[in-house]
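Being a predicted model, the structure only gives us computed values, none of them experimental. Side-chain atoms are counted along with the backbone in the values below, which use heavy atoms only and exclude waters and symmetry mates.
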Amino acid sequence: MNAHVPALAGGGQVIAIVPQTFEETMRVARAVVASGLAPAALIGKKTGDDAAAAVAVCIMSGAELGMKPMVSLRSFTVINGKPALYGDGLINVVRQSGKVAFLKTGYEMRDGQMIGYCHAKRSDTGEESRVEFTQAQAERAGLWDDRPTIRKQVWENNQKIWKDNQPNDAPWYKFRERMIAWRAAGYCLRELFGDVLGGIRDEYEAREIADHEELRDITPVERPAPPKPPAPPAPPTAKVIEAEPEHTTCDPEFDLGNFLEELETSLATAKDSASAAEIWNDYDAPAILESNGHADMIDTAYAMRDRAYAKLEPYNGG
């Protein structure tokens, strides 16, 4: 009955589909987005051709490093709008270049300290390099994490809230051996194989640079005092014949921009989450903004508070 069904052939060579033009790249990118295989870190909230364009840029970035399209999607992430490779992706790109005589990476213990290392040599020029990244360097950079529990945001009742004593799932706590080796590999390989990597950084170093670029140098001499609440309207006297116009609590001299700037500056001086909460309570931003006719800026004030909390308790991803 099934004589007309062709038999399955085996032994064929499996090859990747590699687009040759921009139009072909966009066709592949649209297929990736439609299938749901596009990484969330890459496309974010983009949809349609916007998401396909992000995937296409990732594919083209990988092609410049000799990577096939689907390998690029598994190896690349986007940090602050810039492509970066995961730690093992950086090593794979160098290995696939054909310019490696040998490449060894790992960690060792020395005088009670963990030392990550990368030792590599080029086959074409004979250049050789060994780079170490120590536990002391990781501690100075604020990467090393020994805390089993931390304060972080969690979802409860369909909203994100801050909670203490949450399990620490940061990579530098759970996978410190691999992280310290990858950091040494990143420094070594970018120095020895700069022509192969073309300036591409690994994910964790790119994330640290992005966080550093977002920081502002705010060093006030002392924390500015929160503005005084508007004075209540004076009661009418007995001599007034005509009815007083209705008073409001809105202060005509209230400077919205100055208030928000003082709030953000004060929050930036906090050394821990407790002092940040105290500053937030002192300012009483929601009440001040609503009483002065700026209720639409309350969400902005809350966003400033949340950013301050996030910097005090960051996700220490390397």
(request) Look at the side chain of Arg183 and the backbone N and O of Met179, then say whether any donor-acceptor pair between them is shorter than 3.5 Å. (result) no
(request) Report the distance from atom CE of Met304 to atom OH of Tyr302, rounding to the nearest 0.5 Å. (result) 14.0 Å
(message) Is there a side-chain contact between Glu264 and Leu260 in this structure, where contact means two heavy atoms from C-beta onward sitting under 4.5 Å apart?
(response) no
(message) Nearest 0.5 angstrom please: Leu143 CG to Trp172 CH2, how far?
(response) 5.0 Å
(message) On a heavy-atom basis, which atom in Gly106 and which in Ala181 lie closest, and how many Å separate them?
(response) O-CB, 3.4 Å
(request) Indicate the atoms forming the closest heavy-atom contact of Ser72 with Cys58, along with that distance. (result) O-SG, 3.6 Å
(message) Within the 4.5 Å heavy-atom criterion, are Arg190 and Phe193 side-chain neighbours or not?
(response) no
Donor-acceptor pairs under 3.5 Å, side chain of residues 108-121 to any protein atom, not counting sequence neighbours: which ones?
residue, atom, partner, partner atom, Å
Glu108, OE2, Arg110, NH2, 2.5
Arg110, NH1, Glu132, OE1, 3.3
Arg110, NH2, Glu132, OE2, 2.9
Gln113, OE1, Ala136, N, 3.3
His119, NE2, Glu128, OE2, 2.6

(request) May I ask you to say whether Lys160 pairs ionically with Asp306, meaning some side-chain N is under 4.0 Å from a carboxylate O? (result) no
(request) Show the numbers, then the answer: is there a side chain to side chain contact (heavy atoms under 4.5 Å, CB included) between Asp282 and Glu278? (result) CA-CA 6 Å; Asp282 286 345; Glu278 180 182 352; 4.0 Å; yes
(request) Among Ile, Leu, Val, Met, Phe, Trp and Tyr joined by side-chain contacts under 4.5 Å, find the other residues sharing a cluster with Met26 and list them by chain and number. (result) Phe22, Val57, Met60
(message) Looking at every non-hydrogen atom in both residues, tell me the closest pair between Ala51 and Ile43 and how far apart they are.
(response) O-CG2, 3.8 Å
(message) Would you compute the distance between atom CZ of Arg130 and atom NZ of Lys104 and round it to the nearest 0.5 angstrom?
(response) 10.0 Å
(message) Applying a strict under-4.5 Å side-chain criterion to I, L, V, M, F, W and Y, I'd like to know whether Val18 and Met70 cluster together.
(response) no
(request) Verify, without hydrogens or angle tests, whether Thr269 (side chain) and Ser266 (backbone) share a donor-acceptor contact under 3.5 angstrom. (result) yes
(request) Could you tell me which residues satisfy side chain to side chain contact (heavy atoms under 4.5 Å, CB included) with Thr47, sequence neighbours excluded, listed by chain and number? (result) none
(request) Kindly give the heavy-atom pair with the smallest separation between Val28 and Ile59, and that separation in Å. (result) CG1-CD1, 4.0 Å
(request) Quick one: name the residues clustered hydrophobically with Ile17, using the 4.5 Å side-chain heavy-atom rule over I, L, V, M, F, W, Y, and just say none if it's on its own. (result) none
(message) The criterion is side chain to side chain contact (heavy atoms under 4.5 Å, CB included); which residues satisfy it with Asp146, sequence neighbours excluded?
(response) Trp144, Arg176
(message) Is the shortest side-chain heavy-atom distance between Pro148 and Tyr173 below 4.5 Å?
(response) yes
(message) Going by salt bridge (Lys or Arg N to Asp or Glu O under 4.0 Å), name the pairs with one or both residues in residues 46-73, residues two or more places apart or in two chains.
(response) Arg30-Asp49
(request) For the pair Leu73 and Leu37, evaluate side chain to side chain contact (heavy atoms under 4.5 Å, CB included) and give the outcome as yes or no after the intermediate values. (result) CA-CA 9 Å; Leu73 293 176; Leu37 292 177; 5.9 Å; no
(message) Nearest 0.5 Å, please: how far is CG in Leu256 from CD1 in Ile288?
(response) 12.0 Å
(message) Can you tell me how far apart OG1 (Thr105) and CH2 (Trp182) are? Round to the nearest 0.5 Å.
(response) 10.0 Å
(request) Provide the closest heavy-atom pair for Ala170 versus Asn168 in the form atom of the first, atom of the second, distance. (result) N-OD1, 3.0 Å
(message) Could you go through Tyr283 and Ile279, starting from their C-alpha distance and side-chain angles, then the distance that decides it, and tell me whether this counts as side chain to side chain contact (heavy atoms under 4.5 Å, CB included)?
(response) CA-CA 6 Å; Tyr283 270 82; Ile279 294 171; 4.0 Å; yes
(request) Search all heavy atoms of Leu103 against all heavy atoms of Val100 and return the closest pair with its distance. (result) CB-CG1, 3.8 Å
(request) Could you tell me the separation between the CG atom of Asn292 and the CE atom of Met297, rounded to the nearest 0.5 Å? (result) 13.0 Å
